[in-house]
Amino acid sequence: MRLTVATWNINSVRLRINLVARFLKEHAPDVLCLQETKCRDAEFPLADFHKLGYSHVVINGQKGYHGVAIASKLPLTDADRRGFCDKGDARHVAVTLTPAAHKPVRLHNFYVPAGGDEPDPLINPKFAHKLAFLDELVAWMSADGVANTDAIMVGDLNIAPLEADVWSHKALLRVVSHTPIEVEKLGLVLRAGPWVDAMRRYVPADEKLYTWWSYRARDWAESNRGRRLDHVWVSESLAPRLGGMRVLSESRGWERPSDHVPVLVHLDY
DNA sequence: ATGGTGGTCCTACCA
């Protein structure tokens, strides 16, 4: 069998439920991880997911901001919603799924703080929060052995680590999402697993790869000033099962799109 | 170098 996991920062699941429906119908992932759902759990459009065949949904939402969810065709167990930095933000949800008669897989879905505009933790509390969040991720991953079993970690990590993850390495060195301190800390998270960067298994490190294009460009495709802010990582134990990856760039051109596009990864069992 | 757009919810705040 083939397990397909997708991740997408939807930028309001209620506003874009029709785009979600289109994506699920056209690409039929087994599991979809969403970020920036921007609604309380009671306001989540659960019935739409059920109608589309995603009868297992685990939500961690809050009013107006952040919010993550996992919708699945396969049963989900052991749901966990971890708070980071004692902020009460809804930025993480984890579940366990079991691909037909195989070993269970732990799946973590993250929305890492964006970090504001000024890349100085001393004058920008949002950037300080982002760095503290990453520090806490490293400590937790090491202590709990998060990637010691079959595990997948996806989400909007709000960091573009490689030079080819941004349209201009030089222009973005002092722009939050690509500053050296964030890139270094994301590297510590990756190595704390240790995790495998599944997307870069399919696209060479020096080849441009983006999952986000700003709303502020006149023409996102023409200017193509993108960044790879969304990621799929797998535990080393699962790396041999990787069976393909796709970035659905075309969805950035759909009507009233999210500024992020879905990433799909296949695992063969 | 600047400001550009779009989300929530109603006044700024966040991305």
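- Residue Arg218(A) is classed as having no contact, given no heavy-atom separation below 4.0 Å to the nucleic acid.
- Where Gly116(A) and Asn11(A) each meet DNA chain B at their nearest nucleotide, the meeting point lying more 5' is that of Asn11(A).
- Checked against dA15(B), dC9(B), dC13(B), the side chain of Lys63(A) finds its nearest nucleotide in dC9(B).
- Where Gly115(A) and Tyr215(A) each meet DNA chain B at their nearest nucleotide, the meeting point lying more 5' is that of Tyr215(A).
- Put simply, CG on Asp230(A) is 15 Å from P on dA15(B), counting in whole angstrom units.
- Closest to the side chain of Lys38(A), out of dA15(B), dT5(B), dT8(B), is dT8(B).
- Regarding Arg40(A), its CZ atom lies at a distance of 16 Å from the C1' atom of dG7(B), rounded to whole Å.
- Searching all strands for a Watson-Crick or G-U wobble partner of dC13(B) with both distances below 3.5 Å returns dG7(B).
- Under a hydrophobic clustering in which Ile, Leu, Val, Met, Phe, Trp and Tyr are joined whenever their side-chain heavy atoms come within less than 4.5 Å, directly or via other members, Phe44(A) and Tyr54(A) fall into the same cluster.
- Taking atom C1' on both nucleotides, dA15(B) is separated from dC9(B) by 16 Å, rounded to a whole Å.
- Aromatic rings from Trp8(A) and Phe23(A) are positioned such that their centres are separated by under 6.0 Å.
- Rounding to whole angstrom units, CG of residue Asp117(A) and P of dC13(B) are separated by 14 Å.
- When the C1' atom of dA15(B) is taken as reference, atom NZ of Lys126(A) falls 9 Å away, rounded to whole Å.
- In this structure, Lys87(A) places its NZ atom 13 Å from C1' of dC13(B), rounding to the nearest Å.
- A cation-pi arrangement is absent between Arg252(A) and Trp213(A), since the terminal nitrogen or guanidinium carbon is not both under 6.0 Å from the aromatic centre and inside a 45° cone about the axis.
- Residue Arg16(A) has a polar side-chain atom (N or O) positioned under 4.0 Å from OP1 or OP2 of dG7(B).
- If you take CD of Glu255(A) and P of dG6(B), they are 12 Å apart, rounded to a whole angstrom.
- A cation-pi contact, defined as under 6.0 Å to the ring centre and within 45° of the axis, is absent between Arg228(A) and Trp212(A).
- You'll find the ring centres of Trp140(A) and His92(A) inside the 6.0 Å limit.
- To the nearest angstrom, C1' of dC14(B) lies 8 Å from NE2 of His66(A).
- Considering only side-chain N and O atoms, Arg14(A) lies nowhere under 4.0 angstrom from the phosphate OP1 or OP2 of dT8(B).
- Using P as the reference atom, dG3(B) and dG7(B) are 22 Å apart when rounded to the nearest Å.
- A sub-4.0 Å separation between OP1 or OP2 of dG4(B) and a side-chain N or O of Ser214(A) is absent.
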